[in-house]
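In this chain, residues are counted from 1 in sequence order.
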Amino acid sequence: MPEEGLTHHHRGEDCTDRPPAPLLDMAELKLPSFYRALIAEFVATLLFLYVTVATVIGHKKQARPCDGVGILGIAWAFGGMMFILVYCTAGISGGYINPAVTLGLFLAKKVSLIRAVSYMIAQCLGAICGVGLVKACMKPYYDLYGGGANSVAPGYGMGAALGAEIIGTFVLVYTVFSATDPKRRPRDSHVPVLAPLTIGFAVFMVHLATIPITGTGINPARSFGAAVIYNNHKVWDDQCIFWFGPFVGALAATVYHHHILRATSIKAPRATAIEALGNPTN
């Protein structure tokens, strides 16, 4: 997944971080690679939503319970697409595809505020377009079967749904940090797909646990894109859960990994723009 903020200084098993990304790096706006990264995030999120929401609608339109892919198949669709898209876009944009992951990496000082906000906008726009394509291709079934939108399932309260989103996102963002930890990279450098595979598998496992509760958000762009196209009152009423929960989970994972496990100083200064020019996406 994200390559920002990492550098390779091989000393046996050791490897060190790059300087923290600057808070505001206006120089990024002049770089063609910055806009290529935005396009990559937009297209990746579009494809992610198209395949996964189409899978959900396709399953629900089956006449008998055993005719569709089931919850297991839906979870595989989300996890498998995340693996594919992270692998394809990691070298271009970092393969974030999720505003919660983007927030976590911003809080960890891996990306600047400008890049983080731009990524979130691109991800949300990509999600809207991806779900829009699903509606266009599956119009007879889209509204009938809920549009693949996230909402709190009957029998569960707002607290349970919020907890599921926080814990699920914590698992995902913690996995991202662990899989891309520079101290791990030299040891695992012979397995280039290990980080995307691990991240995709984390998405798969979280979906197995939380689909019955919220349909599984853990990605505000995914929830927002489906809500915009489906445009249902119940979905909009629950929308705050699918932003607040993932952002809290991302914050908790950042604090746990960087400031407890890695003991990184919370007050560590961000680098200047010049120090951050080693960022491989710049």
Look at the side chain of [X] and the backbone N and O of [Y], then say whether any donor-acceptor pair between them is shorter than 3.5 Å.
X	Y	answer
Glu28	Phe34	no
Tyr35	Leu29	yes
Glu165	Ile241	no
Asn232	Gly146	no
Ser112	Arg115	yes

**Message:** Can you confirm whether more than 12 heavy atoms, excluding those of Phe42, are under 6.0 Å from its CZ atom?
**Reply:** yes
Exercise for review: Kindly assign one of parallel, tilted or perpendicular to the pair Phe78 and Phe48, based on the angle between their ring planes and the thresholds 30° and 60°.
Suggested key: perpendicular
Can you say whether the rings of Tyr141 and Tyr145 are parallel (under 30°), tilted (30 to 60°) or perpendicular (over 60°)?
parallel
Identify the heavy atoms of [X] and [Y] that sit nearest to each other, and give their distance.
X	Y	result
Val69	His59	N-ND1, 3.4 Å
Gly104	Ala250	N-CB, 4.2 Å
Ala44	Thr89	CB-CG2, 4.0 Å
Lys135	Ile229	CD-CG2, 3.6 Å
Trp243	Cys124	CH2-SG, 3.8 Å
Pro220	Asn98	CD-OD1, 3.5 Å

Flag the pair [X] / [Y] as yes when at least one side-chain heavy-atom distance between them is below 4.5 Å, and no otherwise.
X	Y	answer
Tyr119	Phe106	no
Phe170	Leu251	no
Phe224	Ile128	yes
Thr102	Gln123	yes
Lys60	Ile57	no

Under 4.5 Å between side-chain heavy atoms, hopping through other hydrophobics if needed: is there a path connecting [X] to [Y]?
X	Y	answer
Val206	Ile213	no
Val131	Phe242	no
Met138	Leu49	yes
Ile121	Leu113	yes
Ile167	Val152	no

Mind checking the [atom1]-[atom2] spacing from [X] to [Y]? Nearest 0.5 Å is all I need.
X	Y	atom1	atom2	result
Leu125	Met120	CG	CE	13.5 Å
Leu47	Cys88	CG	SG	9.0 Å
Thr175	His257	OG1	NE2	10.0 Å
Tyr96	Leu85	OH	CG	16.0 Å
Ile166	Phe247	CD1	CZ	13.0 Å
Met82	Ile218	CE	CD1	7.5 Å

Mind running side chain to side chain contact (heavy atoms under 4.5 Å, CB included) on Arg36 and Ile39 for me, showing each step along the way?
CA-CA 5 Å; Arg36 287 196 295 269; Ile39 293 171; 5.6 Å; no
Residue pairs meeting side chain to side chain donor-acceptor pair (under 3.5 Å), one or both in residues 148-160, sequence neighbours left out, come to Asn150-Arg222, Asn150-Ser223
| message | Test side chain to side chain contact (heavy atoms under 4.5 Å, CB included) on Phe83 and Ile199; report intermediate values, then the result. | response | CA-CA 7 Å; Phe83 164 51; Ile199 293 163; over 6 Å; no
Sorted by chain and number, sequence neighbours left out, ring pair (Phe, Tyr, Trp, His ring centres under 6.0 Å) with Phe201 holds for Phe204
Test side chain to side chain contact (heavy atoms under 4.5 Å, CB included) applied to Thr169 and Tyr174, step by step:
CA-CA 8 Å; Thr169 311; Tyr174 176 46; over 6 Å; no
